[in-house]
2 protein chains.
Amino acid sequence: MEDLVTPRQVAKAIDVSESSVKRWCDRGIIPSVKTAGGHRRIPISSVMTYLRSTSQPLVSPEVLGLPAAVGRTAWVLTRARDEVVKSLLAGDEIKTRQILFDLWLGGRSIAVIGDEVIAPAFEKIGEGWSCSEVDIYQERRAVEIMLRILFELRLGTPPGDPGRIAIGGTTSGDNYSLPTTLVEVVLQAAGWTARSMGSSVPPQSFAAAIEHTQPRLFWLSVSASQSPEEFLEGLALIEQACQKTGTKLVIGGAGSLPMRERFSSGVQVCSNMGELSDLATRLAAESSPPAEL
Amino acid sequence: MEDLVTPRQVAKAIDVSESSVKRWCDRGIIPSVKTAGGHRRIPISSVMTYLRSTSQPLVSPEVLGLPAAVGRTAWVLTRARDEVVKSLLAGDEIKTRQILFDLWLGGRSIAVIGDEVIAPAFEKIGEGWSCSEVDIYQERRAVEIMLRILFELRLGTPPGDPGRIAIGGTTSGDNYSLPTTLVEVVLQAAGWTARSMGSSVPPQSFAAAIEHTQPRLFWLSVSASQSPEEFLEGLALIEQACQKTGTKLVIGGAGSLPMRERFSSGVQVCSNMGELSDLATRLAAESSPPAEL
DNA sequence: CCCAAAATGATCGATTTGACCGATTTTGAC
DNA sequence: GTCAAAATCGGTCAAATCGATCATTTTGGG
C-alpha cells in the first residue's frame with residue numbers, strides 16, 4: 001500500500017512511456033510533488049483521477065500496489081450488475097472489485113454505480129434470499145465484500161472540504177449499514193467531509209450528534225420499512241436539532257418513500273444516489289461561492 | 001509532548017529513504033540538531049517547513065504525531081489506548097489512525113494492537129456508555145471509524161496463501177462486527193486468506209457456508225453474553241459441518257468464556273488475538289510444511 | 001492526399017535516491 | 001548502575017530519475 005509512486009511505476013501501470021508521464025506531471029495534468037532533489041512523486045489518487053478523466057485502461061495495477069485485476073474492461077451497466085450479483089454470491093471479492101473499479105475508472109460516478117449496479121444487485125440478492133435461492137451467509141458475505149470495496153473507493157476519492165461536514169446514518173431498528181456507507185462515499189465524491197455514524201442509532205442520540213458536530217448536512221438512510229409513527233416521532237427530534245444548528249436534513253432509501261408525504265417541508269427527500277449527489281453539489285456551491293484561481 | 005523525531009520516523013512519514021533524510025539534514029534542507037553522540041534529531045517544525053516548501057502531502061502524518069510510540073515499554077501501549085479512547089469519542093478519525101498506524105509502523109503486530117489498544121479502548125467506551133457518560137452516537141461512530149482503519153490496515157498487509165482459507169463471523173443476535181473484522185485482519189497477517197461473513201448469521205447458514213467453502217479454519221466471535229443453551233445448540237450444527245469438512249473450529253470473545261467448559265474437545269478457544277495469532281501461525285505451519293527456497 | 005503542429009517515445013550524461021555494512025550511540029530492562 | 005538489543009552513524013555503490021534533445025507517430029486542416 002504505497003501512496004506516492006514514481007513516474008516509471010505509473011508509466012508501467014498505464015503502459016505509456018516514462019517521458020509522457022513526466023510531461024503530464026509538469027503540465028499539471030497529473031498533479032505531483034517533487035523531492036528535495038527534484039525527483040517527481042505522484043500520489044496514487046492523482047493517477048486514478050487522470051485515468052478516470054481519460055478513460056485509459058489500467059494495464060498493470062500491481063505496479064502501483066493496487067489489488068490485481070483492477071482495470072481493463074469496458075462494462076455496460078446492466079451487464080455489470082448481473083456479473084456483480086454472480087461474483088458477490090460466489091464470494092469473489094477480487095472479481096467484484098474488478099468490475100466496480102473498471103466502471104469507476106471508466107469515468108462513472110459513484111452515484112451512478114450505486115444506483116445502477118450496487119442497489120439493484122442487492123435488491124436481486126434480497127429477492128433470491130426471500131425465495132430461499134440465496135443463503136443468508138451469502139447475503140451477509142456480499143455486504144461485507146461491498147463494504148470493503150466502498151472503503152477502497154473512498155480512499156481513491158480526494159478528501160472533501162474540511163469545512164463542509166455531513167453526518168448521518170440509520171435510526172434504531174435499521175441494521176443496513178451498506179446504504180449509509182454508500183452515501184458517505186457519494187458525499188465525499190461531491191466534495192464533502194462525510195462520516196456515517198453507523199446503523200441503528202436512536203433519534204435522540206442523533207440529535208445530540210447534530211448539536212455537537214454542527215454539520216451542514218445530515219442524512220437519514222431508511223432501508224427497511226418500519227412503523228411510520230415511530231419513525232416520524234424520532235424524526236421530529238432530529239428535525240428540531242437540525243433547525244437549531246441550521247443543518248440541511250436529507251432523507252433517502254426505499255423505506256422512506258411511502259411516508260414522504262408526511263415529512264415537513266424543510267426535509268429534502270432523495271429517491272436515489274444521483275439525486276443526492278446533485279443536491280450535495282448544489283448545496284456545496286451555494287454555501288461556498290466558486291473560488292477563483 | 002516531544003517535538004524531536006529521528007530520521008527514520010521522518011523517512012517513514014514522508015515516504016522517502018532514511019538515507020535521503022540524512023542527506024537533506026546535512027545539506028541544511030531540513031534543519032536538524034545533533035545529540036552529543038552525533039545522532040540527528042529533527043524538530044517537527046523543520047519537517048513541516050520542508051513539506052510546505054515542496055507542497056508535498058504528508059503520507060503518514062501519524063508517525064510525527066506520537067514519537068514516543070516507537071519505544072517498547074508497556075506504558076506506551078497504555079498511553080496509546082487512552083489517546084485512542086479520547087480521539088474515538090471526539091470522532092477524530094485522523095488522530096486515531098495516526099496512533100494505530102504509528103504503533104503498526106513501529107513494528108507491533110495487529111494482534112498486539114488489538115489486545116492492548118483496540119479491545120480495551122472499546123471496553124472503556126462501553127463502560128462510559130453504560131454509565132451514560134458516552135452517547136450512543138459516539139460509540140457507533142467509534143465503531144465506524146475503527147472499521148475503516150482496520151480495512152486500511154488489511155490493505156497494508158500482504159494477502160495470505162490462497163490455499164489457506166478461513167471464514168467466520170458472529171451468530172444470530174450478536175451485532176458486533178468489530179471483533180470479527182479484527183479477527184479477519186489478524187488472520188490475514190498470519191498468512192491466511194480470511195473473510196468475515198459479517199454479524200448475526202444463523203448457525204445453519206454458517207454450516208452451509210462451511211460445507212460450501214471448505215475452509216481450513218472457522219472462527220466464531222462471541223461478544224455479547226447470550227443464552228448458553230441457544231448458542232450451544234447452534235454450535236453443534238457448526239461443529240458437525242466442521243467435522244465433515246475437516247475444518248478447525250476456533251471460538252473467541254468475552255461472551256464465550258463463561259461457557260468454555262461446555263465446549264467439546266475439538267473446539268479451540270482463544271481468549272485474545274495473541275492466542276489466535278499463535279494458533280493460526282501454528283496451524284499454517286502444520287498444514288503446509290515449510291517451503292524451501 | 002499532404003503538410004504542419006502536436007504528442008509520444010527513445011536516448012544520454014549528470015544527479016539523486018535507496019540499500020547495504022561495520023562501527024558507534026541510544027534505549028529499555030534488569 | 002550495568003548490559004544487551006535496537007537504532008543510528010557515516011560512507012560506498014548500484015539503480016533510478018532528471019532534464020534536455022531528437023526521432024517517430026498521431027492529429028487536424030486545407
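Residue numbers begin at 1 in each chain, while the letters A, B, ... track the order of the sequences. The basis for the numbers below is simple: all heavy atoms, side chains too, and nothing from hydrogens, waters or symmetry mates.
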How long is the line joining CD1 of Ile30(B) and C1' of dT17(C), in whole Å? 14 Å
Return the value, rounded to whole Å, for the distance between atom NZ of Lys22(A) and atom C1' of dC22(D). 14 Å
When you compare the side chain of Val10(A) with that of Tyr50(A), does any pair of heavy atoms fall below 4.5 Å? no
Within the modelled atom types, does a donor on one side and an acceptor on the other bring the side chain of Ser17(B) and the base of dA19(C) under 3.5 Å apart? no
Phosphate OP1/OP2 of dT8(C) contacted by Trp24(A) side-chain N/O (<4.0 Å): yes
When you measure from the side-chain N and O atoms of Thr35(A) to the phosphate of dT17(C), is any distance below 4.0 Å, counting only OP1 and OP2? yes
What I'd like to find out is whether the side chain of Leu147(B) reaches to under 4.5 Å of the side chain of Leu147(A), using heavy atoms alone. no
Hey, is the side chain of Lys34(B) poking within less than 4.0 Å of OP1 or OP2 on dG10(D), counting only N and O atoms? yes
Is any side-chain nitrogen or oxygen of Arg23(A) closer than 4.0 Å to OP1 or OP2 of dT21(D)? no
Length of the line joining His39(B):NE2 and dA23(C):C1', which is rounded to integer Å: 10 Å
For atom OH of Tyr176(B), is the number of surrounding heavy atoms from other residues, nucleotides or ligands below 6.0 Å larger than 12? no
For Ser87(A), the option from Asp82(A), Asp92(A), Thr96(A) that meets side-chain hydrogen bond (donor to acceptor under 3.5 Å, both in side chains): Thr96(A)
How do Asp26(A) and Arg41(B) order along DNA chain D: which one's closest nucleotide is nearer the 5' end? Arg41(B)
Any Arg8(A) side-chain nitrogen or oxygen under 4.0 Å from OP1 or OP2 of dT17(D): yes
N/O donor-acceptor pair, side chain Arg40(A) with base dG19(D), under 3.5 angstrom: no
Is the distance from OP1 or OP2 of dG9(C) to the nearest side-chain N or O of Ser20(A) less than 4.0 Å? yes
With a 3.5 Å cut-off and no angle check, do the side chains of Thr180(B) and Ser196(B) form a donor-acceptor pair? yes
Does OP1 or OP2 of dT17(C) have a side-chain N or O of Ser19(B) closer than 4.0 Å? no
Using whole Å, report how far CZ of Arg27(B) lies from C1' of dG11(D). 15 Å
Calculate the interatomic distance between Lys12(B) atom NZ and dA7(D) atom P; express it in whole Å. 8 Å
Glu18(B) CD to dG11(D) C1', in whole Å, measures 14 Å
